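Values in this document were obtained by computation on a predicted structure and should not be read as measured data. These values consider heavy atoms only, across backbone and side chains, with no hydrogens, waters or symmetry-generated copies.
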Amino acid sequence: MSKTFYLGSFIGATVLIFVLVIVAIVAAVVVPNVENLQAYAIVGLVFFFILIIVVAIYLTVVMAIMFYKMWDAINDDEMPIHPVLAVVLLLIPIVSFFWMLAAYPLFLKYYNEYIERRAIGVQALKPGLFYAYPALLVVYIICSIIAQIAPFIPGSTLPLLIALPFSLVAMAASLASLVVFLILVAKICDAVNALPLPTMGGMVSTNEDGVGGGR
């Protein structure tokens with residue numbers, strides 16, 4: 001698994017989405033005040049949504065490829081999660097969110113069991129990042145929901161006092177989850193690449209130090 005490809009894809013897509021959002025915000029402020037630009041507003045809006053959809057599709061494809069390869073690397077007769085199932089769960093709306101919360105802790109568990117079962121001389125994965133990422137996602141979702149609901153609470157200052165801190169926590173959790181996710185992707189690539197490559201007859205190929213080649 002190529003860290004350059006996956007990290008480049010996720011970082012590049014994130015930066016592109018950020019730039020598009022900034023451009024959209026600037027356009028929303030400028031366009032209504034400039035009569036000559038109003039004629040191009042609809043075209044620009046359509047182009048904006050097309051780019052967002054293209055980026056979303058690309059990210060989904062890259063994530064699906066990553067999920068297939070990481071689960072395929074530890075797939076054997078004792079593995080309950082088939083690589084195809086891992087991808088299918090990722091593509092089902094709503095289900096995909098809960099699968100994203102469970103996939104990384106489960107991969108940690110089954111990866112470590114796999115290398116122990118096959119007596120592969122590679123370092124076991126540590127749980128920190130694999131649990132931190134889904135935890136940050138949960139914090140982000142909960143705080144975002146509370147921040148959105150708070151303005152509907154009756155009162156003059158109470159909604160603001162509730163919404164503001166939860167909005168800040170949600171923003172912090174979102175940024176932290178992105179950083180943790182990128183580090184997690186790098187860790188997964190290293191872990192998969194450290195496994196021996198399967199060969200015909202069920203044997204495995206290894207380097208001189210007992211560690212297999214990359215995928």
Of all heavy-atom pairs between F10 and M66, which one has the smallest distance, and what is that distance? CE1-SD, 4.1 Å
Distance check, rounded to the nearest 0.5 Å: I145 atom CD1 versus Y140 atom OH? 10.0 Å
Count I, L, V, M, F, W, Y as connected when their side-chain heavy atoms are under 4.5 Å apart, and connections chain through other members. Are L85 and I92 then in the same cluster? yes
Stepwise side-chain contact (heavy atoms from CB on, under 4.5 Å) test for F107 and F67: CA-CA 10 Å; F107 179 78; F67 263 51; over 6 Å; no
Could you pull out the closest heavy-atom pair between K69 and V192, with the gap in Å? O-CG1, 4.5 Å
How long is the gap from CZ on F48 to CG on L51, to the nearest 0.5 Å? 8.5 Å
Please round to the nearest 0.5 Å and tell me the distance separating atom CD1 of I22 and atom CD1 of I17. 12.5 Å
Do S167 and C143 have side chains that approach each other closer than 4.5 Å (heavy atoms only, starting at C-beta)? no
Please assess I115 against Q123 for the test side-chain contact (heavy atoms from CB on, under 4.5 Å), listing each intermediate value before the final yes or no. CA-CA 9 Å; I115 62 175; Q123 186 176 5; over 6 Å; no
Do side-chain atoms of S177 reach the backbone of S174 as a donor and acceptor pair under 3.5 angstrom? yes
Counting C-beta onward and ignoring hydrogens, is there a side-chain heavy-atom pair between P196 and I120 closer than 4.5 Å? yes
Considering all heavy atoms, the nearest V139-A173 contact: CG1-CB, 3.9 Å
Taking N75 for the side chain and W71 for the main chain, is one N or O donor matched with an acceptor at less than 3.5 Å? no
Can the ring centroids of Y133 and Y104 be said to lie less than 6.0 angstrom from one another? yes
Roughly how far, to the nearest 0.5 Å, is CD1 of I149 from CZ of F166? 10.5 Å
SG (C189) and CG (L7) are apart, to the nearest 0.5 Å, by 6.5 Å
pair T14-F18: side-chain heavy atoms closer than 4.5 Å: no
Could you go through the side-chain contact (heavy atoms from CB on, under 4.5 Å) check for L106 and Y111 one step at a time? CA-CA 8 Å; L106 286 176; Y111 180 92; over 6 Å; no
Are N193 and K3 packed together at the side-chain level, in the sense that at least one heavy-atom pair is separated by less than 4.5 angstrom? no
Could you give the distance from OH (Y114) to CD1 (I74), rounded to the nearest 0.5 Å? 8.5 Å
If two hydrophobic side chains count as joined below 4.5 Å and joins carry through other members, does L90 share a cluster with F98? yes
Only pairs under 3.5 Å count here: list side-chain donor-acceptor contacts from residues 52-65, not counting sequence neighbours, and write none if there are none.
from: Y58; atom 1: OH; to: S9; atom 2: OG; distance (Å): 2.7
from: T60; atom 1: OG1; to: A56; atom 2: O; distance (Å): 2.8

Hydrophobic clustering (ILVMFWY, side-chain heavy atoms < 4.5 Å, transitive) - are M171 and I141 grouped together? no
Do you reckon V185 sits in the same ILVMFWY cluster as L175, going by side-chain contacts under 4.5 Å, direct or chained? no
What I'd like to find out is whether the side chain of I81 reaches to under 4.5 Å of the side chain of M79, using heavy atoms alone. yes
Any link between W99 and V138 through a network of hydrophobic side chains (Ile, Leu, Val, Met, Phe, Trp, Tyr) touching at under 4.5 Å? yes
Given side chains that start at C-beta, do those of I188 and F130 come closer than 4.5 Å, heavy atoms only? yes
Would a distance-only check, ignoring hydrogens and angles, find a side-chain to backbone donor-acceptor pair under 3.5 Å from N112 to A124? no
side-chain contact (heavy atoms from CB on, under 4.5 Å) between I11 and Y6: does it pass, once the steps are laid out? CA-CA 8 Å; I11 293 174; Y6 293 107; over 6 Å; no
Which atom pair, heavy atoms only, marks the closest approach of L129 to K187? CD1-CG, 3.8 Å
